[in-house]
Amino acid sequence: MVSDAPRPLLSVSNIEVIYDHVILVLKGVSLTVPEGGIVALLGANGAGKSTTLKAISGLLRTERGEVTKGAIEFRGRAIHRRNPSEVVKHGIVQVMEGRHVFEHLTVEENLLTGAYTRHNGQSTKKDLDVVYHYFPRLTERRGFKAGYVSGGEQQMVAIGRALMARPTLMLLDEPSMGLAPMLVTEIFEIVARLNRAEGVAVLLAEQNATMALQVARHGYVMENGRIVLDGDAKAISENEDIKEFYLGLTGVGQRKSYRDVKHYRRRKRWLS
Amino acid sequence: MAFFFDLFVNGLMIGSMYALVALGFVLIYKATSVVNFAQGELVMFGGYIAAALLVLYKLPLAVALPVLLGSMIALGFIVERGVLRPMVGQNVISVVMVTVGLAQVFQGAAALLWGAQTKNIPLPIPLEPYVIWEIYLSPVNIAAAVVSGVFMVTFVWFFRKSRMGIAMRATANDQQAAMAVGINVRMVFALSWAIAGLAAALGGVLWGNLIGVDTQLALVGLKVFPAVILGGLDSVPGALVGGLIIGAVESVAAGYVDPYVGGGTKDFLPYVLMILALMVRPYGFFGREIIERV
Ligand SMILES: Nc1ncnc2c1ncn2[C@@H]1O[C@H](COP(=O)(O)OP(=O)(O)OP(=O)(O)O)[C@@H](O)[C@H]1O
Ligand SMILES: [Mg+2]
């Protein structure tokens, strides 16, 4: 448990989230992320992982969702009434599920948008170099329209773009989605390196529990809008129920993959 | 042949003034998804303010211009904050109707404040045309083309390269993702209207100088629709090209056809083009198809 740590970087206490004034989705979720830690948030389709992350980043409001109970504190300050732009300035950036790169902007322009909340041209240049250092593939792609690079590269753009805001905490929503296993490994390794070298704390929402628990130190398992289990990453990955239901490993070691169930589509949001 | 080029070149210069007005329209549509039916009235309002400052208050141009630009930027901000922001999330028709209403309010307000009779905007531009290779170039048209051109080049630079410009394009592309990276989307909306106000101010001066300032000036806004449909509703270069095409086509057509039919070609031909364009390329020549991955 992390309770013996000093004060957590992020603490979510007993939040309730309602969409459209009537749909109760989170029913009292609590979790903490320590300074510089990686925490996994696991659960099946519709468990409420993305909703939890959006409650933290403030993006909930763009989807007519609202935190109706509980509190979210970042370094001891309440942030759940803030808009996303302010949350980013505080040092929390969400990398949304489905990547959401700006397809019509080049890869480099995408990265530059990440530096929006910081006004310093000099350091922006340096941060670009840092991103290209972690994602060397993006260097060759910098002038390409982001809509036309591969899915893995788009995920790198999305993470790199978030990095440009110099976050203290990155909320990563299913970075593995729709990617080939090798790429997933590559991206998780980079996330782990970012955490180690840059000290960025990560709250990682994943269906791919096997991968997530390899990089995380601590894990929470969600089901139906509640945390049903939490503990050390190792302990979770050895838990029999978890093995069965969330790691997709049945007794004989067959794999069920949730990745196959999901697909995503993105459109311009002119009319919504 | 000289006759043709004469019509064509002067048409292009008029077209640059359509492009200027169209740019404001496209910018608002692109960033905020609002189809602004009050763009022409915004231009008219700019013309009225210019005429009032120069003629009524007799301010020198060097003073009047900054005041004009400042007030039109402010007007853009106010309209966005006061009228359109509360409409966010409402259905498309409601928002369109609000802009139609705004158009009438501008007309009424301008007439109330400064009277309905036609005013002119005196600009220090010579009347005598230049003749180059037998083409008669009116200095007013040249000035209009230069002002529009400089504004548009500056704008395109801003839109492509500056931090705010990139933020505007990002917002136009994916609003939620723009919020996720910390872009202040409300600021982007307000800025789009402010820039549209700025373009309308320049358009008001140029068009007002050319055809006089009264509520009829708002009719230039009607030519914006064929221009932007041709170019693509969401395309900045499209606004430019669409404006130029409309200007050139109406000028050439008026020169050749009007003598036979007694005039009026200018008024409907752009719309014929618009209808044809919609049938052939519904998203315009520069508009973007949606990139979609499933
Ligand atoms: N905008 C919304 N309006 C109404 N209900 C929503 C909205 N977004 C999500 N929900 C509902 O909230 C529940 C949790 O959704 P959420 O996206 O948080 O799950 P998730 O754990 O991220 O699932 P996935 O693994 O599929 O991404 C689901 O039942 C979903 O239908
Ligand atoms: Mg999700």
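The sequence lines fix the lettering, A, B, ..., with proteins before strands; numbering per chain opens at 1. In what follows, every heavy atom counts, from backbone to side chain, and hydrogens, waters and symmetry copies are set aside.
B/Asn184 places a side-chain heavy atom less than 4.5 Å from the side chain of A/Tyr116. Two residues are said to be in side-chain contact when any heavy atoms from C-beta on lie closer than 4.5 Å; A/Leu59 and B/Met179 meet this criterion. Between A/Leu105 and B/Ile166 there is a side-chain heavy-atom pair separated by less than 4.5 Å.
With rounding to the nearest 0.5 Å, the separation of NE2 in A/His104 from CZ in B/Arg169 is 11.5 Å. Rounding to the nearest 0.5 Å places CZ of A/Phe102 at 5.0 Å from CD1 of B/Ile183. Atom CG of residue A/Asn110 and atom CG of residue B/Asn173 lie 8.0 Å apart, to the nearest 0.5 angstrom.
Proximity to chain B (any heavy atom under 4.5 Å) is restricted, for A/Gln94, to the backbone atoms N, CA, C and O. The parts of A/Thr113 that come within reach of chain B are both its backbone and its side chain, each placing non-hydrogen atoms under 4.5 angstrom from that chain.
Counting only residues at least two apart or in different chains, salt bridge (Lys or Arg N to Asp or Glu O under 4.0 Å) contacts with residues 145-167 of chain B are absent.
Your options are A/Val88, A/Ile92, A/Asn83, A/Val87, and the one with the most heavy-atom pairs under 4.5 Å with chain B is A/Val88. Among the candidates B/Ala170, B/Ala180, B/Ala167, B/Ala178, the residue making the largest number of heavy-atom pairs closer than 4.5 Å to chain A is B/Ala170.
Residues B/Ala177 and A/Arg161 come closest through the heavy atom pair CB-NH2, 4.3 Å. Of all non-hydrogen atoms in B/Gly182 and A/Ser85, the two that sit nearest each other are O-OG, 2.9 Å.
By the 6.0 Å contact criterion, CZ on B/Arg186 is open, its count of non-hydrogen atoms from other residues, nucleotides or ligands being 12 or less. Residue-environment remark: CZ (A/Arg193) exceeds the threshold of 12 foreign heavy atoms within 6.0 Å.
With sequence neighbours left out, the side chain to side chain contact (heavy atoms under 4.5 Å, CB included) criterion links B/Val96 to B/Val35, B/Phe37, B/Val92, B/Val100.
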